[in-house]
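Structure record follows, encoded as structure tokens.
Chain identifiers are assigned alphabetically (A, B, ...) following the order of the sequence lines, protein sequences preceding nucleic acid strands; residue numbering begins at 1 within each chain.
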Number of protein chains: 2
Amino acid sequence: MVTPMSPSPTPPSRTGRPRSVEAHAAILDATRAALVELGWSKLTMGDVASRAGVAKTTLYRRWANRSELVVDAVAVLFDELRLPDRGSLMADVEGVVLQFAALLDRPETKTALMAVVAESTRDEALRERIRSAIVDRQKRLVLVGRERAQARGELPYEDDPAQAARNVDMIFDVIAGAVVHRALVSAEPVDTRWARNFSLLLVSGLTAGPGAPRASSGPA
Amino acid sequence: MVTPMSPSPTPPSRTGRPRSVEAHAAILDATRAALVELGWSKLTMGDVASRAGVAKTTLYRRWANRSELVVDAVAVLFDELRLPDRGSLMADVEGVVLQFAALLDRPETKTALMAVVAESTRDEALRERIRSAIVDRQKRLVLVGRERAQARGELPYEDDPAQAARNVDMIFDVIAGAVVHRALVSAEPVDTRWARNFSLLLVSGLTAGPGAPRASSGPA
DNA sequence: GAGTTACGCTACGACCTGTAGCGAAAGAGC
DNA sequence: GCTCTTTCGCTACAGGTCGTAGCGTAACTC
């Protein structure tokens with residue numbers, strides 16, 4: 001059979017020699033190490049293989065190409081993001097902005113994230129992998145923060161669920177997009193002052209903006 | 001001498017055979033065509049050279065590598081962005097968002113922009129080229145829109161020039177970042193509804209947000 | 001034990017990068 | 001016109017990567 005790809009989700013076979021989980025972890029570790037040392041453009045499959053102590057062919061049995069491998073290697077780093085309750089929507093936003101900025105400051109993510117996104121514009125499978133491994137996983141932070149703000153009475157409850165989903169998506173794009181653009185495109189630091197100004201702008205827009213003219217509708 | 005690079009700004013020599021401007025244009029055209037057909041990752045210098053009808057060595061005499069060439073080839077597309085006066089800050093923002101989205105929808109920019117940004121995280125010269133060729137050139141739109149809004153009385157005049165510059169930079173990152181993230185990372189369409197909702201969010205935040213509690217300070 | 005699958009290894013063709021060296025072409029200055 | 005300087009197209013090249021194929025062996029299931 002020729003059923004490679006998709007390392008984690010449900011190994012497609014039950015019989016035969018199972019794929020080594022140690023090798024899996026070693027490969028992802030080696031990929032991150034190679035990203036730190038070499039960056040995206042100079043990372044090669046052969047180098048990752050020898051770092052991980054496996055054969056190059058093993059990499060190709062599990063991942064279709066560099067990009068998919070790197071997505072998996074970097075995705076776990078995004079799961080470190082947390083959203084502790086800081087008491088207000090404004091503080092919650094500021095907190096997650098600074099966390100995200102710290103994540104983007106790491107050399108692995110800095111060099112890899114934009115590269116795989118660029119690649120995904122011509123690769124539907126990769127786009128889907130990025131969405132499931134990174135994008136969708138992080139949207140939960142927006143959902144949690146929004147629900148908290150609603151419970152506090154800072155944000156109104158949304159009647160139309162479709163509109164609510166659109167709002168969540170948009171807020172996610174605004175936060176992640178602004179931080180990424182500041183950090184990688186403008187190449188300026190996302191420091192405390194920037195995070196505070198941005199959070200003020202966003203929260204002001206949210207509380208005075210879409211669907212908010214009927215301001216404090218209060219909890220439930 | 002070995003003074004290649006930087007094709008446009010001040011040819012470093014006065015004597016000798018001048019660089020062909022036709023070749024320059026042909027190369028940039030060929031680069032964009034190759035981006036459309038092949039995308040960033042499969043674009044090769046040899047292919048661009050043969051499309052442009054020049055020798056591969058000519059490319060390397062003018063650009064240090066693929067990335068710098070692609071930045072120059074794509075940068076001119078960003079100069080198409082305009083900011084016609086639509087009568088209100090909200091409408092101006094919405095207009096530029098839709099223009100920027102249309103630009104990012106073109107295959108050349110879609111595949112190239114994130115790729116060169118990714119590359120620039122490990123290449124100081126490239127970062128500077130992106131900044132001067134794309135980023136700084138587009139910030140003017142924010143400046144113009146802001147001045148117009150101030151003249152209309154929609155936004156207050158800023159006392160502190162440093163703070164004003166920070167605000168302009170932040171608004172730029174928010175707009176460009178949100179659109180890029182929506183279009184390329186989330187891979188969802190930037191349609192009229194999204195543009196309207198986003199503009200509403202941003203303008204609400206700007207008029208109710210940073211330095212705006214002292215609301216309508218009026219012109220002059 | 002039989003069957004199945006993953007593994008490490010080697011080898012390979014195809015391709016791309018970036019440079020070197022050549023003679024010829026296209027200008028500037030005299 | 002002549003000389004000097006730089007760019008041009010061309011060919012060739014070393015070095016490196018990709019992704020695959022084929023082999024014998026290892027690991028696990030039934």
Side-chain angles (χ1 to χ4, degrees), chain A residues 1-8 10-27 30-31 34-35 37-70 115 119 122-123 125-126, chain B residues 1-8 10-27 30-31 34-35 37-70 115 119 122-123 125-126:
Chain A
M1 268 300 113
V2 268
T3 326
M5 317 308 123
S6 54
S8 20
T10 53
S13 79
R14 272 296 172 190
T15 100
R17 176 175 176 174
R19 288 185 174 170
S20 165
V21 289
E22 296 86 0
H24 189 82
I27 291 169
T31 303
L35 280 175
E37 281 183 37
L38 308 172
W40 158 266
S41 61
K42 291 182 181 168
L43 176 146
T44 68
M45 297 295 263
D47 182 60
V48 170
S50 61
R51 282 172 193 259
V54 303
K56 192 174 63 164
T57 44
T58 298
L59 267 65
Y60 281 105
R61 289 191 186 101
R62 301 182 182 215
W63 289 275
N65 49 50
R66 265 201 322 171
S67 305
E68 307 231 335
L69 168 61
V70 169
E119 213 65 23
R122 290 225 148 206
D123 183 337
L126 181 61
Chain B
M1 267 299 114
V2 270
T3 325
M5 314 309 123
S6 55
S8 19
T10 52
S13 80
R14 272 296 172 191
T15 104
R17 177 174 175 174
R19 288 187 173 169
S20 164
V21 289
E22 296 85 0
H24 188 82
I27 291 169
T31 304
L35 281 175
E37 280 183 36
L38 307 171
W40 158 266
S41 61
K42 293 181 180 169
L43 177 147
T44 69
M45 297 295 262
D47 182 61
V48 170
S50 60
R51 282 172 194 260
V54 302
K56 192 174 62 163
T57 43
T58 298
L59 267 64
Y60 282 105
R61 288 192 187 99
R62 301 181 181 215
W63 289 276
N65 49 50
R66 261 199 327 167
S67 305
E68 307 231 336
L69 168 61
V70 169
E119 214 65 25
R122 290 225 147 210
D123 184 336
L126 181 61

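Rotation axes derived from the C1' atoms of the five outermost pairs at either end of the helix from C/dG1-D/dC30 to C/dC30-D/dG1 lie 30° apart, to the nearest 10°.
Between A/Thr58 and C/dA6 there is no side-chain polar atom (N or O) within less than 4.0 angstrom of OP1 or OP2. A/Thr57 has no side-chain polar atom (N or O) that falls below the 4.0 Å cut-off from OP1 or OP2 of D/dA21. Between A/Arg62 and C/dA6 there is no side-chain N or O to OP1 or OP2 distance below 4.0 Å.
No side-chain heavy atom of A/Lys56 sits less than 4.5 Å from a side-chain heavy atom of A/Arg61. The side-chain heavy atoms of A/Ile27 and A/Trp63, taken from C-beta on, include a pair separated by under 4.5 Å.
You'll find that the side chain of A/Tyr60 is closest to D/dT20, out of C/dG8, D/dT7, D/dT20. Of the candidates C/dC16, D/dT17, D/dG9, C/dC16 carries the atom nearest the B/Thr44 side chain, counting heavy atoms from C-beta on.
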Next item on the list: Test B/Arg62 against B/Glu68 for salt bridge (charged side-chain N to carboxylate O under 4.0 Å, His left out), laying out the working first.
Entry: CA-CA 10 Å; B/Arg62 301 181 181 215; B/Glu68 307 231 336; over 6 Å; no
Note to self: Could you go through A/Glu119 and A/Ser67, starting from their C-alpha distance and side-chain angles, then the distance that decides it, and tell me whether this counts as side-chain hydrogen bond (donor to acceptor under 3.5 Å, both in side chains)?
What the structure shows: CA-CA 7 Å; A/Glu119 213 65 23; A/Ser67 305; 4.7 Å; no
Note to self: Please evaluate residues B/Asn65 and B/Met45 with respect to the criterion side chain to side chain contact (heavy atoms under 4.5 Å, CB included), reporting the C-alpha separation (whole Å), side-chain torsions for both, the decisive distance (0.1 Å), and the verdict.
What the structure shows: CA-CA 8 Å; B/Asn65 49 50; B/Met45 297 295 262; 5.8 Å; no
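The CZ-C1' distance, from A/Arg19 to C/dG8, rounds to 15 Å in whole Å. Nucleotide C/dT5 holds its P atom 14 Å from the CZ atom of A/Arg17, rounded to whole Å. If you take CE of B/Met45 and C1' of C/dT17, they are 9 Å apart, rounded to a whole angstrom. The distance between atom CZ of B/Arg66 and atom P of C/dT17, rounded to the nearest whole Å, is 6 Å. Atom CG in A/Asp47 sits roughly 13 Å away from atom C1' in D/dG16 (whole-Å rounding). Taking atom CD of B/Glu22 as the reference point, atom P of C/dA26 lies 11 Å away to the nearest angstrom. In this entry the distance linking CG of B/Leu43 with C1' of C/dC15 reads 14 Å, nearest Å. Atom pair B/Ile27:CD1 and D/dG9:C1' shows a separation of 12 Å (rounding to whole Å applied).
Taking only distance into account, the side chain of A/Arg61 meets the base of C/dG8 through a donor-acceptor pair shorter than 3.5 Å. Donor-acceptor pairing under 3.5 Å, judged by distance alone, is absent between the side chain of A/Lys56 and the base of C/dG8.
Partners of B/Arg66 according to the salt bridge (charged side-chain N to carboxylate O under 4.0 Å, His left out) rule, which considers only residues two or more places apart in sequence or in another chain, do not exist here.
Atom CG of B/Leu69 and atom OG1 of B/Thr31 lie 3.5 Å apart (nearest 0.5 Å).
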